[in-house]
Amino acid sequence: QQQVKQSPQSLIVQKGGISIINCAYENTAFDYFPWYQQFPGKGPALLIAIRPDVSEKKEGRFTISFNKSAKQFSLHIMDSQPGDSATYFCAASKRGFQKLVFGTGTRLLVSP
Amino acid sequence: DTEVTQTPKHLVMGMTNKKSLKCEQHMGHRAMYWYKQKAKKPPELMFVYSYEKLSINESVPSRFSPECPNSSLLNLHLHALQPEDSALYLCASSQDGLKETQYFGPGTRLLVL
């Protein structure tokens, strides 16, 4: 019940296209859903995060869509750029839990 | 400033060596974390310190020994490691144990020969 399932495992998108990564969770107690971006040899960097009281959050070209009833959330990267090529991890947590439950990761490649 | 620093960037050690990894943050955060990350996998939680006390140990082998000397520093002491312990070791911090947002450092790439 603590799992977060992430898909696809890898994704190739053309420059200027939309990248979409999906995550699903089971534990309805989770109330915090961040996305991390990780470049090779670097630590994960917090990209954007959402709580279940909103269905969408947008920061620049990055948007999280959240569907509480389906227990799913997704990351949309608009106008994808080669510099967005990285591994993306979704995660879930809850207040006081002290743990982030990570998805398995998606390797995104944006072709020029 | 959401910076967590880690030293060294790279470390090569033999199975009989003793070494330490260091993590530092100056954001006033009171919770600090150690993660281990293998290639193409998500980070795996190892330890959590909250207000300088160990609050979570994810059944990590005793050859890994964490230490939190003060609220800004976190160490990971390594002894008698195995080749399978080779990985990227990540430190993270959050405002406190109740706040979920974790900020990661750049990691230490460890190779055990």
Side-chain angles (χ1 to χ4, degrees), chain A residues 2-11 21 23-25 27 29-53 57 59 64 73 75 85-109, chain B residues 1-10 21 23-25 27 29-51 53-59 87-111:
Chain A
Q2 297 287 51
Q3 276 188 321
V4 176
K5 295 181 180 178
Q6 184 171 347
S7 62
Q9 188 175 354
S10 62
L11 182 60
I21 305 170
C23 285
Y25 63 98
N27 189 342
F30 288 147
D31 61 3
Y32 174 71
F33 303 91
W35 284 89
Y36 284 87
Q37 178 190 57
Q38 186 174 26
F39 294 104
K42 305 292 184 184
L46 180 65
L47 198 58
I48 187 172
I50 198 168
R51 295 192 185 277
D53 52 342
K57 183 174 181 180
E59 288 184 5
I64 298 180
F73 57 110
L75 176 69
S85 298
T87 299
Y88 293 80
F89 292 100
C90 64
S93 188
K94 56 184 178 180
R95 187 173 176 83
F97 188 42
Q98 292 193 318
K99 293 185 184 183
L100 284 172
V101 179
F102 283 94
T104 49
T106 296
R107 297 183 77 184
L108 171 65
L109 176 64
Chain B
D1 183 13
T2 54
E3 189 176 29
V4 176
T5 59
Q6 289 186 245
T7 54
K9 285 187 170 55
H10 303 275
L21 309 184
C23 173
E24 197 163 1
Q25 57 86 16
M27 297 178 277
H29 288 177
R30 303 308 300 271
M32 297 184 77
Y33 310 76
W34 279 117
Y35 288 84
K36 172 183 177 180
Q37 187 178 29
K38 300 284 256 184
K40 299 183 182 180
K41 297 291 186 183
E44 292 176 48
L45 184 65
M46 300 174 72
F47 302 103
V48 180
Y49 273 84
S50 182
Y51 291 87
K53 288 188 175 10
L54 184 65
S55 58
I56 294 178
N57 176 341
E58 292 285 88
S59 303
L88 181 67
Y89 286 84
L90 295 161
C91 174
S93 71
S94 65
Q95 188 172 335
D96 58 37
L98 297 179
K99 299 289 187 192
E100 311 93 333
T101 303
Q102 294 185 26
Y103 299 94
F104 285 82
T108 293
R109 175 71 61 189
L110 174 66
L111 177 61

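All values below were derived from every heavy atom in this structure, side-chain atoms included, with hydrogens, water molecules and symmetry-related copies excluded.
Taking each heavy atom of B/K41 and A/F89 in turn, the nearest pair found is O-CZ, 3.6 Å. Nearest heavy atom pair, residue A/P44 against residue B/L90, reads CD-CD1, 3.7 Å. The shortest non-hydrogen separation linking A/Q98 to B/S55 is OE1-OG, 3.0 Å.
For A/Y36, the part sitting under 4.5 Å from any heavy atom of chain B is the side chain, from C-beta outward, and nothing else. Proximity to chain A is absent for every atom of B/E44, based on heavy atoms less than 4.5 angstrom apart. Heavy-atom distances place no part of B/Q6 under 4.5 Å from chain A, backbone and side chain included. For A/L46, the part sitting under 4.5 Å from any heavy atom of chain B is the side chain, from C-beta outward, and nothing else.
A/L100 CG to B/F104 CZ: the interatomic distance, rounded to the nearest 0.5 Å, is 6.0 Å. Taking NZ of B/K40 as the start and OG1 of A/T104 as the end, the distance is 13.5 Å to the nearest 0.5 Å. The distance from atom NZ of A/K42 to atom CZ of B/R109, rounded to the nearest 0.5 Å, is 11.0 Å.
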- Worked check of side chain to side chain contact (heavy atoms under 4.5 Å, CB included) between B/I56 and A/F97: CA-CA 10 Å; B/I56 294 178; A/F97 188 42; over 6 Å; no
- Query: Is there a side chain to side chain contact (heavy atoms under 4.5 Å, CB included) between B/L88 and A/Q38 once you walk through the steps?
  - Reply: CA-CA 12 Å; B/L88 181 67; A/Q38 186 174 26; 4.0 Å; yes
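Counting only heavy atoms from C-beta outward, the side chains of B/L45 and A/F102 never approach each other to under 4.5 Å. Side-chain contact between A/Y32 and B/T101 is present, with heavy atoms from C-beta onward closer than 4.5 Å.
Ranked by heavy-atom pairs shorter than 4.5 Å toward chain A, the options B/C91, B/A92, B/P43 are led by B/P43.
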